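Below, each value reflects all heavy atoms present in this structure, side chains not excepted, and no hydrogens, waters or symmetry copies. Keep in mind that this is a model prediction, so the values were computed, not measured.
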Amino acid sequence: MLCCGKTVCRACIEDSIEGGMEQKLMYCPRPDARIVGESFRCAFCRELPPEDTVDAVQKLIKRGNAEAMVVLGWQYLHGDRVVRDQKRAIDLYHMAAKAGSSKACAWLGDRYMKGDIVVRSDRDKAVRLYSKAARLGNPLALCNIGMQRMMEGKEDFVYYTLASVSGGFQQALNAAKADFVAKRITKEDYAHALRSFQSTHEELQGGSRKKFNRRLASNCTINDVNAILGNNMSSNEDIMNV
């Protein structure tokens, strides 16, 4: 939230907005702007969103808010309400990484691994950033480290892949499936991956989360999981038929 710096997932924001609007509009057939605006108050500090978002983000950055650094970095990266400046964006992501943002660490790791016109490729630096992001529990970083360890022939790649799957990361589940088909992981490991992925997504199903997840869904993976495991999580034979 730009007002107080606290964060909440976008699905919960939708749920809060829709719930608040429904209650207020139910008893007011012709709502004015004030009533509509009230439904957008911050769930934490109850303030309305600031009109000057860039100024609000900069104030949060001065207070050391890592998420605000990521937000402003993204704005500079894409030229959203500021003049596009990729070097400034990279600097802000570095600030956020030092402040403990797993998202910034993973994003920078990806940039340094690939390299581009702004960031020179540096694999060692990328690995250090991925490792920090992984320690902070970032699913993308865990998945990337797992894939890298697998290509290096390290047996512990399974740990990273399964940890990423447990975070509900789509790409990690796809990687686990590929590893299972290629017989790099066991049937038990893949079954565990499917169950943990399903469990994570079941926790995220409710209210506006379902609507939001439908918009983000890409490969109907959760349907595949349900088809494989079934409602009763019955047999290993179903898992073997993937």
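- Distance CG/Asp80 to NE2/His78: 8.5 Å, rounded to 0.5 Å.
- The side chain to side chain contact (heavy atoms under 4.5 Å, CB included) with Tyr130 is formed by just one residue from the set Arg135, Met113, Lys125; it is Met113.
- Grouping the Ile, Leu, Val, Met, Phe, Trp and Tyr side chains by contacts below 4.5 angstrom, directly or via other members, places Met151 with Phe157.
- Under the 4.0 Å criterion applied to side-chain N and carboxylate O atoms, Asp55 and Lys59 are assigned as salt-bridge partners.
- Heavy atoms only, all atoms of each residue included: Ala68 and Asn65 are closest at N-OD1, 2.8 Å.
- Residues Val57 and Val82 fall within the same hydrophobic cluster, defined by Ile, Leu, Val, Met, Phe, Trp and Tyr side chains chained together at heavy-atom separations under 4.5 Å.
- The closest side-chain heavy-atom distance from Asp122 to Asp124 is below 4.5 Å.
- In this structure, the side chain of Ser196 engages the main chain of Ala193 through a donor-acceptor pair within 3.5 Å.
- In this structure, Pro139 and Ser164 approach most closely via the heavy-atom pair O-OG, 2.6 Å.
- Both Ile61 and Val71 are assigned to one and the same hydrophobic cluster, defined by single-linkage of ILVMFWY side chains at heavy-atom distances under 4.5 Å.
- Annotation: side chain of Lys177 is not in contact with side chain of Asn174 (no heavy-atom distance under 4.5 Å).
- Within a 6.0 Å sphere centred on NZ of Lys103, other residues, nucleotides and ligands contribute 12 heavy atoms or fewer.
- Atom CG of residue Leu140 and atom SG of residue Cys105 lie 11.5 Å apart, to the nearest 0.5 angstrom.
- Using a 3.5 Å distance cut-off with no hydrogens or angles, the side chains of Gln148 and Asn144 do not pair a donor with an acceptor.
- Distance check, rounded to the nearest 0.5 Å: NZ of Lys132 to CZ of Arg128 gives 11.5 Å.
- To the nearest 0.5 Å, the span separating CD on Gln171 from OG1 on Thr161 amounts to 10.0 Å.
- For Met147, the CE atom counts as loosely surrounded, since its 6.0 Å shell holds 12 or fewer non-hydrogen atoms of other residues, nucleotides or ligands.
- Scanning all heavy atoms of the two residues, the minimum distance from Ala126 to Gly109 falls at CB-O, 3.3 Å.
- With rounding to the nearest 0.5 angstrom, the CG atom of Leu136 is 5.5 Å from the OG atom of Ser102.
- Remark: side-chain polar atoms of Thr200 are paired, donor with acceptor, to backbone N or O of Ser166 under 3.5 angstrom.
- Val165 and Tyr159 are assigned to two separate hydrophobic clusters, defined by single-linkage of ILVMFWY side chains at heavy-atom distances under 4.5 Å.
- Both Ile185 and Leu173 are members of a single hydrophobic cluster when ILVMFWY side chains are connected at heavy-atom separations under 4.5 Å.
- When hydrophobic residues (I, L, V, M, F, W, Y) are linked wherever their side-chain heavy atoms come within less than 4.5 Å, the members clustered with Trp107 are Val70, Trp74, Leu77, Ile90, Tyr93, Leu108, Tyr112, Ile117, Val118, Val119, Leu129.
- The distance from the CG atom of Leu72 to the OG1 atom of Thr53 is 9.5 Å, given to the nearest 0.5 Å.
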Item to complete: I would like to know whether Glu155 and Arg149 meet salt bridge (Lys or Arg N to Asp or Glu O under 4.0 Å); could you show each step before the answer?
Response: CA-CA 8 Å; Glu155 294 184 357; Arg149 300 288 287 178; over 6 Å; no
Discussion item. Go through it in stages, so that I can follow the logic: the residues are Phe180 and Lys187, the test is side-chain contact (heavy atoms from CB on, under 4.5 Å), and I'd like the CA-CA distance, side-chain angles, deciding distance and then a yes or no.
Written reply: CA-CA 7 Å; Phe180 172 68; Lys187 174 180 67 177; 4.1 Å; yes
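- At a threshold of 4.5 Å between non-hydrogen side-chain atoms, the residues Met150 and Arg184 count as touching.
- Looking at every heavy atom in both residues, Ala104 comes nearest to Ala97 through CB-N, 3.7 Å.
- A salt bridge links Arg123 with Glu152: at least one charged nitrogen is closer than 4.0 Å to a carboxylate oxygen.
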Discussion item. Is there a side-chain contact (heavy atoms from CB on, under 4.5 Å) between His192 and Asp189? Walk through the geometry before answering.
Written reply: CA-CA 5 Å; His192 173 73; Asp189 285 334; 5.6 Å; no
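- In this structure, Met95 and Leu92 have side chains that are in contact, with non-hydrogen atoms separated by less than 4.5 Å.
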